[in-house]
Amino acid sequence: MVFDAPDHRDHEQVTHFTDEETGLEAIISIHDTTLGPSLGGTRILDYDTEEEALTDVLRLSRAMTYKAAAADLHLGGGKAVIIGDPEEIKTDALMRAYGRAVDCLDGRYITSVDVNSGVKDMELIESQTDHVVGTSDGLGDPSPITAHGVLHGLKACVEHVYGTDTLSDIDVAVQGLGKVGHGLAVGLAERGASVTVTDINEDKMAEFTAEYDAEAVAPDDIYDVDCDVFAPCAFGGAINDDTLPRLTCDIVAGAANNILADEERHSEMLKDEGILYAPDYVINAGGLITVYHEHQGGTEEQAFEDAKAIGDRLQTMIERAEDEDITVLDAADAYAEERIGNQDRTTPARSW
Ligand code: NAD
């Protein structure tokens with residue numbers, strides 16, 4: 001099944017774990033460890049079929065390789081799924097059994113939080129293995145560092161498009177005032193940008209507009225806001241066939257994962273419209289940067305500093321995209337692939 005899976009391409013190792021006593025069924029996919037140990041969260045989901053779980057873990061682990069490489073980290077890409085309804089299957093014993101599964105990979109895979117897995121789960125895993133981050137003795141919620149990285153990425157886009165390093169004349173529409181979107185909107189408002197916000201949670205909008213000089217619009221109206229930058233920070237697929245034609249902005253730069261419903265097609269369409277798209281996996285890497293520093297025993301200050309550098313990296317990618325007349329997404333992929341390709345693959349994989 002694994003070898004035939006359409007998404008099984010260049011993955012180094014895909015391991016299926018079961019534990020009869022606790023009912024654990026998990027797949028850990030290590031996509032690439034050229035740059036360092038693979039790192040990626042453990043997602044607990046009630047997939048309809050094993051094939052669906054396999055497809056998800058193969059795609060997500062590959063995406064982690066690109067994300068780590070494009071963030072200049074010494075990390076590879078991995079991901080794990082535990083199959084089942086978290087409400088029904090998640091027990092302390094099952095998480096400990098899963099921790100032993102992670103441990104037997106001997107550090108080639110480091111796990112962290114993801115959909116339906118949290119800090120408490122990481123601590124149960126930690127009772128069985130050292131190869132886990134995101135516990136309560138770590139660097140804590142990475143969202144402020146993610147927001148900091150998005151802000152600096154957005155600034156790099158503004159500098160490129162408008163030739164200014166200030167945000168004071170810039171109109172930004174922020175979709176989602178969650179952990180990252182709120183931090184980004186605050187950072188923008190504090191730097192003098194005109195901010196328009198939306199959220200399905202009206203209290204969040206009211207709180208924000210009470211504290212900052214900002215406009216609020218209904219969730220679906222955010223795509224029609226006359227603005228310079230659209231910052232999707234709520235959910236995946238915000239840019240799709242219906243919403244893209246409504247945009248009047250020059251830049252799309254936000255925190256959400258999988259912003260484009262169809263990566264290839266919509267990144268080309270944005271380019272054709274003259275809209276600069278900051279690839280999501282480049283601009284939202286602050287969370288990964290945080291857990292990387294946690295794993296290395298680093299500090300929050302180092303993580304903030306590294307997240308700031310997202311702006312410079314994005315600038316390099318934007319310039320390459322212009323020079324080669326390709327999308328910024330293609331330039332980002334090329335940057336990541338070159339980092340991996342430039343490593344001496346004859347170096348033993350465990351040298352990290
Ligand atoms: P969050 O759940 O804290 O915030 C999401 C916000 O979006 C909530 O306030 C929610 O009410 C709002 N929302 C939901 N549907 C909406 C809609 N239709 N219109 C407007 N608002 C809507 O999540 P978060 O941690 O801030 O993450 C936001 C996005 O960034 C997600 O896609 C996440 O995967 C991605 N991301 C987050 C991090 C991180 O460090 N937290 C890192 C990388 C990527």
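Along the sequence shown, residues carry numbers from 1. Counting starts at 1 for both ligands and their atoms, following the listed order.
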Check: Do S194 and D171 meet the criterion of a side-chain donor-acceptor pair at a distance under 3.5 Å?
Finding: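 Checked: S194/D171 side chains pair up, N/O donor to acceptor below 3.5 Å.
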Next item on the list: Would you check if there is a donor-acceptor pair between the side chains of D10 and H31 at a distance under 3.5 Å?
Entry: yes
Item checked: Atom pair OG (S117) and CE (M95), whose distance is rounded to the nearest 0.5 Å -> 6.5 Å
Notebook entry, point to check: Among all residues two or more places apart in sequence or in another chain, which pass the side chain to side chain donor-acceptor pair (under 3.5 Å) test with H293?
Noted result: D306
Item checked: Residue shell around ligand 1, heavy atom under 4.0 angstrom ->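 For ligand 1, the contacting residues are P142, S143, T146, G176, L177, G178, K179, V180, D199, I200, K204, P219, C233, A234, F235, A255, A256, N257, N284.
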Notebook entry, point to check: Got L154 and I251 here, is their nearest side-chain heavy-atom distance under 4.5 Å?
Noted result: no
Check: What pair of heavy atoms forms the shortest contact from I222 to Q175, and how long is it?
Finding: CG2-NE2, 3.8 Å
